[in-house]
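Notes follow once the structure below has been shown.
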Amino acid sequence: MSDTAAPLTQDRRKLEMAALSAPAVFFTVAMIAFPVVYTIWLGFQTFSSTGKQSFAGLANYSKLISDYEFWHGLWITIALFVLSLVLQLVFGVWLALVLFNAKRLPGIVRSLFISPFMMPPVVAGMMWLVILDPSLGAANYILQSFGLPPSDWLASPTWVIPTVALIDSWQWTPYVALIVLGGLQSLPPSVYEAAQIDGASPFKTFQRITLPLLLPTIVTAAILRSVDLLRFFDIIYITTQGGPGNASNTLNIYGFRVGFEFFNIGYASALMLTLTAIVFGAVLAFNRLRGAVAW
Amino acid sequence: MKAKMLATRVALPVLAIAAVSAQAHAADFDWMKFKGKTVTFLANNNPVSQALLTYKADFEKLTGMTLKVDGYQEQQMRQRLVTVMNANSDEVDVYMTLPSREGEQFAAAGWYADLTAMAKNDVAKDYDSAGLSQALLKAATFGGKLTSMPMNLEGPIFYYRTDIFKKCGLEAPKTIKDVEAAAEKIKTCDSSVTPFVSRGLKPAVAYTFSNMLHNIGGTYIANGKSNLCSAKGKEALDTYSRLLRDFGPPGVVNYSFQQISALYRSGRAAMAFESSNELRTVMDGGARLKDTGLLPFPAGEAGQVPTTIGWGMAVSSHSKQPDAAWYFVQWATSPEVQKKMALQGIAPPRPSVANDPEYRKWIDEEPVRKEWQAALDVLATKGSSEVGYPIVANPQSREFIGQAVQDLILKQKPIDQACADADKALDALIALN
């Protein structure tokens, strides 16, 4: 009697748990699935400039192939991604090492070091727009006071991407440093004691021990930053709106303008889904890399 | 003669009935008709709406309605509007619109409620629809439907520093060539200032460039094709970009109204071509109050054809309460409210308000305000509302105009290529019309 009663109670309990959690699960899935499914559907529609809608099949996707702005935007997106990620990883690891070794640094100074990423990107964009203004900004004043020539910064087609990468790195390097600092604090001290006994120099210790052991943490930071960098939007929107010309017209900015300024929601959806696929691809690649460097 | 008499016999009673009917409507009009309702207003957070919303409580007291304000910066406001309208949502009842920019597009998409009948029949006694700028009402009429009511009158005007002009022995420019000559002289006479500044940011260029193009005698479209590569078109592109490249501030390709006003207000520009709406910002702090002269943009070969536009208030075609929404539009564009806004520096779209003694007294308090009003009078009488191409895809057309100007400022293309590339892209847009 008791042998059959126990599984029945267990089954009933499982059923109750499923029933109780079903609304939350349904709500969560719907919240994620609806926008994605709706965007996929929109990607198969065409909207005239008056907003009239009709089925377009794969026309939006075939248009991508011959659209110069798409390829240009993709190139700008990748250039910005690579430049920013390299800067943020290199300086993030460096900053983490500084903070890790400077154990006597007061808490307030540590907080100041990591404060930029707490600032909303729009505020950061506005602030740097003022600093980098070629006529009124502080950046050129500083350059000129050291006898250096002024720069057009965000107004130069050549320098706009490095400048945007610098702004983003100013904001997000502390975030990378915070992740890496967590990784540093979890490294086993015994390995360092052994290296010290063997007489390894600080550089060798960093090269042979710290860096390989930190690699999984660094890759995690890279994954988190990659998602943001490939979808880069706010700072460019605030500072250049994709200009000068189309020198900073990333895929995300281009898609936004096609959708919300030119009202071609169908093509904008196709652009955004392509960008989503690129982001997924990058995350999968980094995940594989993380698997390869795990210890 | 018989026909004339017949016409008179028929017309007089019709007019009389119409007048009696209008009076009856006005007499029946009750501001409290929609008491208890809530009207949602999607506002562009600019000086026009800021001045209007100072009196929000007055509207609520007068009508017993609640006014819910959803305010954003201009681009974000349009983004929100596009989302709401594409979803056929009724969350917005009234929104601000620029007929010169999106009028054709929104009208073709059916996003405007038709205000023709409401503006004629459902008005308070003192509303005076006919007293609104007829040019602006015409600019807001698409396919015979009145789509919005004008909130203000504005356009780019020419700001110049009288002290610098005096120091350099210059007189106020009368022609575009005088502007260029003055810039050349200021460059050597006072190297601490930027001789000339105007809009260089790609989507913002069309606002000021259109005035230059029209003054020179150019048109955007000729024989159904884009006309930037015509002699006049090239002259306008060349002059506008040369003025900015040779005499503008570094980084001018990122300049819109905020940067221009900041540069001029700080005393670092001798001439600026910017919106009449920026007067309040430019004069903020009082540093430029006594050394600024204002003019409509100097003439070209075709004389002065200033750009004149105005923000309008439209009722959403998806609103479930267009009548209540119209009450808000009517209150906001009434002579009484527009007079109050005018005293805050918002140029009125009603000649009666512009001639009001109290407003005139405010204008006469400062010489710079007198010049501002004189420039606005020229805008009101001679202005063209064509900013960018008069096609459904007007916002996109502004991109290509801006691109051509930036290509020239940055010396990325010779003029023949810059205008040809723009014409090619613009012909494709015109073909979609």
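A note on names: the letters A, B, ... follow the listed sequences, proteins ahead of strands, and every chain is numbered from 1.
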Next on the checklist: So for S151(A), is it side chain, backbone, both, or neither that comes closer than 4.5 Å to the heavy atoms of chain B?
Outcome noted: neither
Checklist entry - For the side chain of N254(B) and the backbone of L154(A), is there at least one donor-acceptor N/O pair under 3.5 Å apart? => result yes
Item to check | Inter-residue atom distance R257(A).CZ - E399(B).CD, 0.5 Å rounding | outcome: 3.5 Å
Checklist entry - Taking all atoms of both residues into account, what is the closest heavy-atom pair of S135(A) and P250(B), and its distance? => result OG-CD, 3.4 Å
Checklist outcome for this item: Okay, Q259(B) and chain A: the region with an atom under 4.5 Å from a heavy atom over there is side chain
Checklist entry - Which of residues 400-411 of chain B get closer than 4.5 angstrom to chain A, counting heavy atoms alone? => result Q403(B), Q406(B), L410(B)
Item to check | Taking every non-hydrogen atom, the tightest pair across G259(A) and V82(B) | outcome: O-CG1, 4.5 Å
Checklist entry - Is it the case that more than 12 heavy atoms not belonging to M31(A) sit under 6.0 Å from its CE atom? => result no
Checklist entry - Does S256(B) have any side-chain hydrogen bond (donor to acceptor under 3.5 Å, both in side chains) partners at least two apart in sequence or in another chain, and if so, which? => result none
Checklist entry - Relative to chain B, which segment of L129(A) carries a heavy atom at a distance below 4.5 Å: side chain, backbone, both, or neither? => result side chain
Checklist entry - Is the CH2 atom of W75(A) crowded by more than 12 outside heavy atoms at less than 6.0 Å? => result no
Checklist entry - So, R78(B) side chain and F260(A) main chain: donor-acceptor pair closer than 3.5 Å or not? => result no
Checklist outcome for this item: When the 4.5 angstrom heavy-atom criterion is applied to P150(A) and chain B, the contacting part is neither
Next on the checklist: Contact between F262(A) and L429(B) at the side-chain level, heavy atoms closer than 4.5 Å - yes or no?
Outcome noted: no
Item to check | Engaged part of N140(A) at the chain B interface, taking heavy atoms whose separation is under 4.5 Å | outcome: neither
Next on the checklist: Tell me the closest heavy-atom pair linking A155(A) and V253(B), and the distance in Å.
Outcome noted: O-CG2, 3.4 Å
Checklist entry - Would a 4.5 Å heavy-atom cut-off, applied to side chains only, mark Q241(A) and Q75(B) as touching? => result yes
